[in-house]
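Heads up: the structure comes next, in structure tokens.
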Amino acid sequence: MTRTTARIAHLRAAGVSFAVELGDPLPRVLHWGADLGELGEGELAALSLTADGAVLNSSTDAPRRFTVWPTEADGWSGTPAHEGHRGGFGTTPRPRLTGADLDADALVLHLDDDVSGLTLTVAYRLDAAGVLGVTTTLARPAAAPDDGVPYDLAAVTTLLPVPGRATEILDFTGKWCRERVPQRSTLLHGGHVRAVRRGRPGHESPHLLTLGVPGFGFRTGEVWGLHVAWSGNQRWLAERLPEGAGVDGAVLGGGELLAPGEIRLAPGESYTTPECLFVWSDEGLDGLADRFHDRLRARGGHPATPRPLTLNTWEAVYFDHRLERLLDLADRAAEVGVERLVLDDGWFAGRRDDTAGLGDWTVDEAVWPDGLGPLVERVHGHGMQFGLWVEPEMVNLDSAMAREHPDWILGPSRGLGPSMRHQYAVNLANEDAWNHLLKALDAVVARYRVDYLKWDYNRDLLEAVHRGADGRDRPGVHAQTEALYRLLDALRERHPGLEIESCSSGGGRVDLGILARTDRVWPSDCNDPVERQAIQRWTAQLLPPELIGTHVGGPVAHTTGRATDASFRLATALFGHAGIEDDLTARDAEEIARLGRWAELYKEKRALLHTGRTVRADLPDEALLLNGVVARDGSEALYSYARVETSADGQPGRVRLPGLDPSGSYRVSIREEVGLPVLHQVAGPAWFAAALQGRVDLPGTVLATTGIPLPNLAPGQALLLDVARVR
Ligand code: GLA
């Protein structure tokens with residue numbers, strides 16, 4: 001719903017309002033947050049009247065305004081919307097509004113800046129999920145006189161103001177095998193700035209930068225969040241100045257992190273920022289997650305078919321690609337109920353370990369004398385889909401590609417810097433390299449009727465410059481990121497049914513830029529359920545479960561050396577796009593039978609898991625994690641209640657199951673297919689004992705309002721609670 005007066009544009013959707021005053025010289029945001037309802041002229045005028053703060057001592061002589069394009073010209077001393085220069089001149093932009101287009105869900109502002117000689121087009125789109133997407137195009141008009149001096153764009157930051165009551169900050173960090181670790185602090189004066197210079201969001205990606213009222217949790221609290229939907233270098237910030245931002249307290253901002261000289265605009269050229277996605281909720285972090293999940297699920301390209309149970313060969317065989325072994329694995333997978341088999345790293349020319357072969361995307365004839373055909377036939381014969389691992393952006397120096405085309409490697413003329421996992425990046429902005437890769441990928445996908453690519457990316461970009469013919473090197477991460485997007489788009493256009501997973505040494509490239517052209521992410525190389533419980537719950541802050549690969553690993557996790565019970569591993573792997581990352585040929589009959597029961601359970605529940613609302617309980621004991629998925633119509637839910645370590649508290653006491661209707665009535669049962677957890681107690685609670693006998697009916701008031709006492713689990717255990725509405 002949209003309303004505008006001559007001066008105020010008001011976008012509304014899904015309980016969110018975004019109101020912008022089309023002032024002169026620049027518009028300003030009057031409100032971004034709770035829905036204000038239909039506003040009459042009087043109310044709009046009141047919003048405007050109250051949008052100016054006091055004139056402060058030792059300050060500008062008019063109240064400071066925080067505009068849509070904040071710069072020093074309007075008294076803003078924080079991070080400006082854009083920085084740049086023309087040959088050392090034109091550093092103080094002073095844009096002014098020249099026009100605005102408004103439709104049902106979008107407001108597009110047109111600004112002209114005589115100082116930098118740029119026109120700016122700022123587009124705000126409020127989608128049906130209440131997510132506000134903002135992109136800006138900065139252009140040098142073609143008609144502008146060309147004095148031969150480009151406009152050097154140093155930085156563009158998309159900024160929105162957040163009220164002063166949001167003083168707590170949450171974002172994420174992490175490392176290989178421990179992605180998306182939350183970090184919380186108080187937002188003090190100054191900036192909380194995250195600069196990502198790895199050429200990928202990285203394992204420590206900020207993921208979702210959130211400001212909220214003190215103590216906000218999964219279920220409660222008013223929160224404002226930002227995600228930068230981009231797979232290259234990036235900058236995220238929350239900033240608070242003593243004078244605030246207009247009548248607001250702080251700002252959220254983000255954009256691409258540009259290298260000096262990376263974007264130099266000649267007349268007729270333009271730069272468009274990555275989309276920055278701003279989300280608000282007064283229902284805590286689950287409220288924000290809900291909006292992202294709704295947005296992603298509404299996309300045309302969102303996976304619409306049941307997510308096939310997957311077996312990935314990596315942790316089963318690593319580089320041991322003996323056909324007989326893989327055929328056995330495929331047979332075992334079929335027995336268990338697997339629907340897609342993915343042949344991981346090791347199938348292409350020269351790839352006997354991770355020091356060689358990247359770049360040469362043809363089947364290794366020494367290892368696969370008859371090609372991949374025999375395996376593919378067996379996989380298809382079992383009615384399973386076939387998937388393949390690739391890492392197209394990378395090259396080993398020990399490869400035909402590197403030997404024949406050393407100029408295709410991204411790196412400085414003075415010699416390549418440090419390798420990482422023995423590899424370098426291919427310069428995708430090199431047209432020949434890009435065409436070669438498209439052709440090679442196209443050929444292998446077509447030849448083996450590949451349904452799915454696990455698209456990996458196993459290094460940071462360092463010194464990512466294009467080697468110029470004149471020996472002068474230019475920054476290349478922006479061009480690399482755009483070329484990657486083009487490559488993915490071109491391949492998908494040629495193979496419309498092809499699904500692609502974004503993997504990057506596990507979860508190093510989880511962003512909504514890559515997800516606009518891929519179908520799921522591999523959130524971590526760590527399959528240890530203790531770690532996975534945390535990694536998955538926080539990956540779900542942005543992505544719905546159907547986009548998150550969750551594979552059950554072997555009894556001892558390869559990446560941590562920790563032994564865990566099968567029931568815990570299986571329960572954990574259920575809440576996503578489930579799969580197996582294990583050598584099934586090493587499992588005994590009982591283990592195979594249990595995997596089969598789990599596979600059936602996944603197939604029974606995936607319609608719920610992949611369409612419902614993700615809910616996470618706020619529990620005071622961090623050793624306990626209660627997550628669930630509740631059907632959108634409230635008819636059913638599945639919860640996982642897990643203990644990752646022991647704690648001082650003897651028992652959790654009453655715990656509320658999030659997302660249920662207090663006025664409803666529910667049948668609760670315990671799913672035992674994966675096995676029951678080991679308990680650290682003598683008996684009870686009574687309702688649990690009754691549920692174990694079959695099922696127990698409980699009113700919503702008890703489940704959702706007072707809570708139920710949960711049994712005391714031993715560490716490294718999980719319980720699956722199945723809840724169906726009976727009234
Ligand atoms: C990366 C991925 C793994 C696996 C290996 C193969 O580390 O994250 O899942 O595919 O590469 O080399």
Side-chain angles (χ1 to χ4, degrees), residues 174-180 198-205 231 310-321 326 329 340-361 363-364 367 372 386-396 398-399 419-425 441 444 450 452-461 499-511 514 518-528 531-532 535-536 539 547-554 557-560 573 576-583:
K175 60 175 182 180
W176 180 69
C177 277
R178 191 68 160 95
E179 295 86 343
R180 283 163 286 289
R198 299 179 190 275
R200 56 174 169 174
H203 297 102
E204 92 282 30
S205 164
S231 312
T310 297
L311 181 133
N312 188 72
T313 62
W314 181 239
E315 292 195 15
V317 302
Y318 293 104
F319 290 108
D320 180 2
H321 279 204
L326 287 161
L329 193 61
R340 172 185 283 166
L341 184 139
V342 181
L343 181 64
D344 209 285
D345 196 357
W347 59 269
F348 48 95
R351 187 67 166 176
R352 296 320 332 125
D353 56 34
D354 66 9
T355 62
L358 289 175
D360 301 344
W361 302 108
V363 178
D364 191 324
V367 184
L372 302 180
F386 181 68
L388 201 57
W389 181 95
V390 290
E391 196 180 359
E393 295 150 89
M394 296 293 164
V395 58
N396 289 119
D398 186 358
S399 67
S419 60
M420 196 160 156
R421 209 191 179 196
H422 317 288
Q423 65 197 52
Y424 292 91
L441 292 167
V444 79
V450 173
Y452 173 89
L453 287 178
K454 175 177 176 180
W455 186 297
D456 213 335
Y457 181 85
N458 283 307
R459 68 159 293 161
D460 294 340
L461 296 186
E499 291 189 8
I500 301 179
E501 174 182 63
S502 170
C503 173
S504 180
S505 328
R509 193 155 66 183
V510 175
D511 67 83
I514 199 90
T518 52
D519 301 280
R520 66 170 227 175
V521 302
W522 183 232
S524 181
D525 276 348
C526 185
N527 288 319
D528 177 335
E531 308 295 317
R532 270 283 175 149
I535 293 168
Q536 290 173 199
T539 303
L547 298 185
I548 304 174
T550 53
H551 293 185
V552 59
H558 293 201
T559 54
T560 60
H577 178 180
I580 299 169
E581 195 93 9
D582 188 22
D583 183 3

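Just so you know, ligand 1 is whichever comes first in the structure, and atom 1 is the first atom listed for that ligand.
Counting heavy atoms under 4.0 Å from ligand 1, residue Cys503 touches it through the side chain alone. When heavy-atom distances to ligand 1 are checked against a 4.0 Å cut-off, Asn458 comes that close only through its side chain, counted from C-beta outward.
Remark: distances from the non-hydrogen atoms of Trp522 to ligand 1 include one below 4.0 Å. Ligand 1 lies within reach of Arg421, whose nearest heavy atom is under 4.0 Å from it. Contact annotation: Asp344 has at least one heavy atom less than 4.0 Å from an atom of ligand 1.
If you check which protein heavy atom lies closest to atom 8 (O) of ligand 1, you get Asp525 OD1, 2.6 Å. When only non-hydrogen protein atoms are considered, atom 12 (O) of ligand 1 lies nearest to Asp345 OD2, 2.6 Å. In terms of protein heavy-atom proximity, atom 11 (O) of ligand 1 is closest to Asp456 OD2, 3.0 Å. With respect to atom 5 (C) of ligand 1, the closest heavy atom belonging to the protein is Trp314 CE2, 3.7 Å. Shortest contact from atom 9 (O) of ligand 1 to any protein heavy atom: Lys454 NZ, 2.7 Å.
The closest side-chain heavy-atom distance from Asp456 to Met394 is not below 4.5 Å. Using a 4.5 Å cut-off on side-chain heavy atoms (C-beta onward), Arg532 and Pro523 make contact. With contacts defined as side-chain heavy-atom distances shorter than 4.5 Å, the pair Leu341/Thr313 qualifies.
Residues Asn396 and Asp398 have side chains that never bring a donor and an acceptor to within less than 3.5 angstrom of each other. A donor-acceptor pair shorter than 3.5 Å cannot be found between the side chains of Arg509 and Ser231. Using a 3.5 Å distance cut-off with no hydrogens or angles, the side chains of Arg200 and Ser505 do pair a donor with an acceptor.
Checked by distance only, ligand 1 and Trp389 come closer than 3.5 Å through their nitrogen or oxygen atoms. Annotation: Glu581 places no N or O atom under 3.5 Å from an N or O atom of ligand 1; distance criterion only. Of the polar atoms of Phe319, none of the N or O atoms is found under 3.5 Å from an N or O of ligand 1, judged by distance alone.
Each of Leu453, Asn312, Leu388, Val450 was checked for a side-chain contact (heavy atoms from CB on, under 4.5 Å) with Val342, and the lone residue meeting it is Asn312.
Trp314 has its ring centre less than 6.0 Å from the ring centre of Phe319.
Below 4.0 Å from some heavy atom of Gly506 lie the following atoms of ligand 1, by number and element: 8 (O).
A distance of 12.0 Å separates NE2 in His551 from CG in Asp582, rounded to the nearest 0.5 Å.
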